[in-house]
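The next block holds one structure in the form of structure tokens; read it before the comments.
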Amino acid sequence: MALLTILRYPDPRLHKVASPVTVFDDALRALVRDMAQTMYEAPGVGLAATQVNVHKQVIVIDVSETHDQLLVLINPRILQADGSQVCEEGCLSVPGVYEEVERAEHVVVEAENEFGGTFKLEAEELLAVCIQHEMDHLKGKVFVEYLSRLKQTRIKSRMQKEAREEDKSKAA
Ligand code: GNR
Ligand code: NI
């Protein structure tokens with residue numbers, strides 16, 4: 001098992017579009033395990049492969065309080081989306097930023113698991129939000145892109161400043 005490095009906004013690699021998974025092998029299952037470990041350790045309720053610089057359609061999610069309900073979504077596609085909800089979102093790639101985003105209230109998703117089996121999942125509330133947030137990552141979209149240009153600019157400069165300060169304290 002290994003912890004993976006999470007890319008920080010505004011890293012341009014967060015805007016790459018992920019390719020579908022075609023081979024369901026041990027390397028894929030190792031990636032899923034490492035992503036799950038990285039998500040639990042962060043801690044976060046979801047992680048997309050894009051965030052660990054792997055540009056394949058792989059997502060792990062666990063919104064349970066007990067952290068024992070791991071969901072693995074490979075090549076996810078939305079079959080149905082309806083209603084709307086506003087949720088305060090955060091992102092492991094944009095630490096410290098929490099902003100409200102409007103999403104579908106209810107989604108039906110089809111995906112493969114890490115063994116290549118296809119399943120359907122119906123979700124609402126935080127799980128539905130999380131699925132949409134992670135699927136955006138696979139398309140190269142970060143949640144701050146839903147905010148005003150002014151907020152995006154402020155968040156970008158705050159992240160860049162924090163990255164510079166971290167580099168300085170590492171050098172010292
Ligand atoms: O840990 C996370 N929490 C969260 C809270 C509200 C809406 C979405 C999320 S996803 C986020 C982890 C993450 O960055 N996934 O990409
Ligand atoms: Ni995120």
Are Asp82 and His106 linked by a side-chain donor-acceptor pair shorter than 3.5 Å? yes
With side chain to side chain contact (heavy atoms under 4.5 Å, CB included) as the criterion, how do Ile6 and Leu47 come out once you've worked through the C-alpha distance, each side chain's angles and the decisive distance to 0.1 Å? CA-CA 9 Å; Ile6 299 174; Leu47 189 69; 4.2 Å; yes
May I ask you to test the Gln51-Glu134 pair for a side-chain heavy-atom distance under 4.5 Å? yes
May I ask whether Leu7 and Leu3 are part of the same hydrophobic cluster, defined by side-chain heavy atoms of I, L, V, M, F, W, Y residues being less than 4.5 angstrom apart, directly or through others? no
Qualifying residues under salt bridge (charged side-chain N to carboxylate O under 4.0 Å, His left out), relative to Arg103, sequence neighbours excluded: Glu89, Asp136
Looking at Glu165, I want to see if its CD is surrounded by more than 12 non-hydrogen atoms of other residues, nucleotides or ligands under 6.0 Å. yes
Can you list the residues that meet the salt bridge (charged side-chain N to carboxylate O under 4.0 Å, His left out) rule with Glu105, with sequence neighbours excluded? none
Glu166: salt bridge (charged side-chain N to carboxylate O under 4.0 Å, His left out) partners, not counting sequence neighbours: Arg8
Partners passing salt bridge (charged side-chain N to carboxylate O under 4.0 Å, His left out) against Lys141 (at least two apart in sequence or in another chain): none
Same apolar cluster (I L V M F W Y, side chains within < 4.5 Å links), Val63/Val60: no
If two hydrophobic side chains count as joined below 4.5 Å and joins carry through other members, does Met35 share a cluster with Ile74? yes
Is there a path of hydrophobic side-chain contacts, each under 4.5 Å between heavy atoms, that joins Met39 and Leu28? yes
Can you run down the side-chain hydrogen bond (donor to acceptor under 3.5 Å, both in side chains) pairs that involve residues 20-32, sequence neighbours left out, and say none if there aren't any? Asp26-Arg29
Set of residues satisfying side-chain contact (heavy atoms from CB on, under 4.5 Å) with respect to Val86, sequence neighbours excluded: Glu100, Glu102
same_hphob_cluster(Val54, Val17) at 4.5 Å side-chain heavy-atom cutoff: no
Which atom of Leu92 lies closest to which atom of Gly44, heavy atoms considered: CD1-CA, 4.2 Å
Just say parallel, tilted or perpendicular for the rings of Tyr9 and His15, cut-offs at 30° and 60°. perpendicular
